[in-house]
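This report refers to the structure that appears directly beneath it.
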Amino acid sequence: AKLGHVMAQLELSKVIEKTSIEKSNYWLHQAALNGDVNAQVNYTKLLLKTNPEKATDWLLSSSTQNNSSTIVKIALSKELNGLGFTTDQTIKLLKRAHELGNIKATANLIKYLNHIEPKNALHMAQNAANEGELEGLYQYAVILEASATTTQQIKKVVDLYRNAAKRLHPLALYNLGAVLLKNPALNTVPQEPYLSILKAAELGVAEAQFQIGYWCYTGMSNKLNKLKKNPSLALNWYLKAAQQKHGEACYEVGFFYENGIGTSINILKALKWYKFAKINGSHNAKKALLRVSKKQSVFQKLKRWWNAN
């Protein structure tokens, strides 16, 4: 480790962690400075626990400044972000990687800059899309869609979304389906928007899961055979979206439990999901909570009467 062997420094850091945190952190720092990506990530985590700003400064000033891929990996890490990276700090890191020519950083930086530097964001998105960067294709389509009015402009947006969707970009799949529902003349096949949104739902897009839930509830087998009316399946899709804190999906789950749609009536579960719906912004949740609370009160009175008699 003293001779600069990176793996030895990293292993030594692990071995002495229980006996000396200070020395363990020292060797972790040395391994990070010598370019080990895992060490850089772990050292960043260490700094984030005590001083997020220092973590950002270290990343920008250390040897990682010559490794744009490491900067991008750390900036986009959900685990690290949960420890304390602010949006401004993420932007700083992505900008540095962008300056070093990392096209993935460029593509991911666009969504942050779109509202504060729209012209710059558009230029960066176009460059990233031209390079074929997946996130760049998606972000460029999002920017163009906001101002697309003519058929030609909308077709360009569809082509960008379609290119990203072919590479299974979840949000591109959903947005492609949404645009095609409004512009059916651009469909390659009539089922394309429904297949696209279904795939987005399978890949975890909450809005797509909510939409599939609605279609399974109302029945859309005339559009796609997989979307036959099926209340139980609708509830499953609504639950998937609700578990991602989709407010209206939470409301629908509560409604299904309240009324026994696709499942048995369960007032306690209905109450639980209506509460989640209110927390997550559903406008209908307040009335639903009052309604279900009254039902629960009546049920409790009947239960007490039954037990007493």
Side-chain angles (χ1 to χ4, degrees), residues 28-29 32-33 35-148 157 160-161 163-164 167 169-175 203-207 244-245 280-281:
L28 177 64
H29 186 203
L33 288 173
D36 184 88
V37 175
N38 290 327
Q40 290 167 347
V41 171
N42 289 329
Y43 188 65
T44 303
K45 289 180 187 177
L46 187 67
L47 292 177
L48 279 171
K49 290 177 181 177
T50 55
N51 191 332
E53 194 62 43
K54 186 177 179 181
T56 311
D57 292 341
W58 177 80
L59 285 169
L60 295 177
S61 64
S62 70
S63 60
T64 57
Q65 65 181 337
N66 298 314
N67 188 340
S68 59
S69 297
T70 302
I71 295 176
V72 174
K73 179 180 178 180
I74 293 173
L76 300 179
S77 171
K78 290 181 181 178
E79 183 182 358
L80 286 172
N81 288 341
L83 284 171
F85 265 147
T86 65
T87 299
D88 286 344
Q89 289 161 353
T90 301
I91 291 173
K92 280 183 185 179
L93 295 172
L94 290 175
K95 277 188 173 180
R96 173 60 61 83
H98 163 68
E99 289 163 2
L100 292 169
N102 188 296
I103 198 66
K104 185 175 181 180
T106 303
N108 283 279
L109 184 57
I110 295 161
K111 60 187 174 185
Y112 294 104
L113 297 183
N114 194 22
H115 300 296
I116 55 177
E117 299 177 26
K119 288 184 179 179
N120 191 23
L122 176 60
H123 177 69
M124 291 168 64
Q126 187 173 13
N127 287 343
N130 290 339
E131 291 281 341
E133 211 291 321
L134 181 57
E135 187 65 22
L137 287 167
Y138 169 71
Q139 292 295 342
Y140 190 35
V142 169
I143 292 173
L144 293 183
E145 184 186 358
S147 58
V157 170
L160 287 165
Y161 278 141
N163 285 338
R167 292 161 63 184
H169 189 294
L171 291 173
L173 280 159
Y174 174 73
N175 286 9
L203 291 174
V205 178
E207 194 62 41
Q244 296 192 64
K245 300 181 180 181
N280 289 294

Check your understanding: Atom OG1 of T44 and atom CG of L93: how far apart are they, to the nearest 0.5 Å?
Key -> 8.5 Å
Check your understanding: Would a 4.5 Å heavy-atom cut-off, applied to side chains only, mark L173 and V205 as touching?
Key -> no
Check your understanding: Taking only residues two or more places apart in sequence, or in another chain, which ones meet N120 in a side chain to side chain donor-acceptor pair (under 3.5 Å)?
Key -> E117
Check your understanding: For N108, which residues count as a side chain to side chain donor-acceptor pair (under 3.5 Å) partner, sequence neighbours excluded?
Key -> none
Review point. What pairs with K92 under side chain to side chain donor-acceptor pair (under 3.5 Å), at least two apart in sequence or on another chain?
Key: E53
Check your understanding: Which residues pass the salt bridge (charged side-chain N to carboxylate O under 4.0 Å, His left out) test with E99, sequence neighbours left out?
Key -> R96
Check your understanding: For N102 and A105, which heavy atoms make the closest approach, and how far apart are they?
Key -> OD1-N, 2.9 Å
Exercise for review: List the atom of Y161, the atom of A172, and the distance in Å for their closest heavy-atom pair.
Suggested key: O-CB, 3.9 Å
Study note, to complete from the structure: dist Y112:OH -> T90:OG1 (nearest 0.5 Å) comes out at 5.0 Å
Study note, to complete from the structure: Interatomic distance, CG@L122 vs CG@L113, rounded to 0.5 Å, equals 12.0 Å
Check your understanding: Is there a donor-acceptor contact under 3.5 Å from the side chain of N114 to the main chain of I110?
Key -> no
Exercise for review: Please list all pairs passing the ring-ring contact (aromatic ring centres under 6.0 Å, His included) test where one or both residues lie in residues 86-106, with sequence neighbours left out.
Suggested key: none
Return a table of donor-acceptor pairs under 3.5 angstrom between the side chains of residues 132-141 and protein atoms on other chains or two or more places apart.
{"residue": "E133", "atom": "OE1", "partner": "E135", "partner atom": "N", "Å": "2.8"}
{"residue": "E133", "atom": "OE1", "partner": "G136", "partner atom": "N", "Å": "3.1"}
{"residue": "E135", "atom": "OE1", "partner": "H169", "partner atom": "NE2", "Å": "2.9"}
{"residue": "E135", "atom": "OE2", "partner": "Q139", "partner atom": "NE2", "Å": "2.8"}

Check your understanding: How about T106 and I103: do any of their side-chain heavy atoms sit closer than 4.5 Å?
Key -> yes
**Study point:** With sequence neighbours excluded, residues passing side-chain contact (heavy atoms from CB on, under 4.5 Å) with D36
**Key:** V6, M7, L10, N38, A39
Study note, to complete from the structure: Hits for side chain to side chain donor-acceptor pair (under 3.5 Å) against N280, two or more places apart or cross-chain, chain-then-number order -> none
